[in-house]
Amino acid sequence: MKTLILAISTLFCVAYLHAQTNYYATTKTFNQDGYIYQCDVRASGFVTLYNKSNKWIKVYPVYKSTGESFAQTDAGIELFEDDNWTRSKRFSIVNAAFSDSEKQKVKGHDFNIIMYINSSTGRVDEVSFEFHKSDPFAAIPISVYRKIEIELKKDIWFTLTAEGKMLSYIFYWWAQEPK
C-alpha cells in the first residue's frame with residue numbers, strides 16, 4: 001500500500017513538473033524537424049523567438065532609395081490599401097495553432113506576433129514572437145510557434161500603398177490571447 005501511494009505521489013509530482021516546463025528561460029537555439037529557431041532572452045526577461053533564417057529581426061525598416069530610417073508617425077502613414085480581411089484570418093491562424101489544453105494554459109494572457117512583410121510582394125516573409133519568460137507562453141512547445149509562422153506566410157498578404165512599397169520591409173505586429 002505504501003508503495004502504491006508513493007508511486008501515485010511520484011506521478012503527480014512528475015506531471016506537475018512536466019506541466020511547468022519552461023522552454024524559453026535562457027537564450028538558446030532550437031534545432032528540430034528541419035528548422036532552427038533562436039530564442040533570445042533579454043535581461044528584462046522578455047523573450048524574442050524567431051526562425052534563425054530571419055534576416056529582418058534586428059534591422060530597422062528603411063527607405064530603399066535613400067537608406068533613411070522609417071518611423072511611423074502618430075498621425076499614421078498608410079502602408080496598406082484597404083485591409084478588411086487579414087485581422088480575422090490572422091487571429092484564426094493563431095487560435096487554430098493552440099490545442100484546447102494550451103489555450104487553457106495561456107488563458108488571460110496575450111503575446112506579440114510580429115510579421116515582416118515583403119515590400120515588393122505584400123507577402124509575409126518572416127515572423128517572430130515576444131512574451132515574458134515567466135508567462136505561460138514559455139511552456140508552449142516550439143512546434144506551435146512554427147505552425148503559426150508557416151500559416152501566416154502561406155495565407156496572409158497585403159496590398160501595399162506607394163509609401164509601403166518604398167520601404168525595405170514593413171514591420172506589423174499585434175497582441176493576442178489564443179481562444
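In this text, all values refer to a predicted model and were calculated from it rather than measured experimentally.
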So does [Y] get a backbone contact from the side chain of [X], meaning a donor-acceptor N/O pair under 3.5 Å?
| X | Y | result |
| --- | --- | --- |
| Ser168 | Lys64 | no |
| Asn22 | Ser134 | no |
| Lys133 | Val47 | no |
| Asn112 | Glu130 | no |

Looking at [atom1] of [X] and [atom2] of [Y], how far apart are the two atoms once the value is rounded to the nearest 0.5 Å?
| X | Y | atom1 | atom2 | value |
| --- | --- | --- | --- | --- |
| Ile156 | Ile117 | CD1 | CD1 | 9.5 Å |
| Ser128 | Gln38 | OG | CD | 12.5 Å |
| Lys107 | Glu177 | NZ | CD | 7.5 Å |
| Ile113 | Leu152 | CD1 | CG | 8.0 Å |
| Thr121 | Asn118 | OG1 | CG | 3.5 Å |

inquiry  = Any non-hydrogen side-chain atom of Glu126 less than 4.5 Å from a side-chain atom of Asn51?
reply    =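 The answer is no; the side chains never approach within 4.5 Å.
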query = With a 4.5 Å limit on heavy-atom distance, are the side chains of Val106 and Ile140 in contact?
reply = yes
Could you list the residues that satisfy side chain to side chain contact (heavy atoms under 4.5 Å, CB included) with [X], not counting sequence neighbours?
| X | result |
| --- | --- |
| Thr26 | Lys28 |
| Val59 | Trp56 |
| Ser65 | none |
| Tyr35 | Gln32, Asp33, Tyr37, Ile142, Ser143, Arg146 |

query = Got a salt bridge between Asp155 and Arg123, using NZ or NE/NH1/NH2 to carboxylate O under 4.0 Å?
reply =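 No salt bridge links Asp155 with Arg123.
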Can you list the residues that meet the salt bridge (charged side-chain N to carboxylate O under 4.0 Å, His left out) rule with [X], with sequence neighbours excluded?
| X | answer |
| --- | --- |
| Asp125 | none |
| Lys147 | none |
| Lys154 | Glu151 |
| Glu102 | none |

message = Under 4.5 Å between side-chain heavy atoms, counting indirect links through other Ile/Leu/Val/Met/Phe/Trp/Tyr residues: same cluster for Val41 and Phe129 or not?
response =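 In one cluster: yes.
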[X]: partners by side-chain hydrogen bond (donor to acceptor under 3.5 Å, both in side chains), with sequence neighbours left out:
| X | value |
| --- | --- |
| Trp174 | Gln176 |
| Lys89 | none |
| Ser101 | Ser99 |

inquiry  = Tell me every residue that passes ring-ring contact (aromatic ring centres under 6.0 Å, His included) with Phe70, counting only those two or more places apart in sequence or in another chain.
reply    =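 Checked Phe70 against ring-ring contact (aromatic ring centres under 6.0 Å, His included); matches are Tyr63.
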inquiry  = Between Phe158 and Tyr172, is the ring centroid distance below 6.0 Å?
reply    = yes
ask   = Side chains of Thr27 and Arg42: donor-acceptor distance under 3.5 Å anywhere?
value = no
ask   = Distance only, no hydrogens: is a donor on one side chain within 3.5 Å (strictly under) of an acceptor on the other, for Asn95 and Ser92?
value =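 No pair is found: no donor N or O on one side chain lies under 3.5 Å from an acceptor on the other.
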task = Under the side-chain contact (heavy atoms from CB on, under 4.5 Å) rule, what do Val124 and Tyr116 come out as? Steps first, then yes or no, please.
result = CA-CA 6 Å; Val124 177; Tyr116 303 80; over 6 Å; no
query = Hey, which of Phe46, Phe30, Phe111 is the one that makes ring pair (Phe, Tyr, Trp, His ring centres under 6.0 Å) with Tyr24?
reply =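 The option that passes is Phe30.
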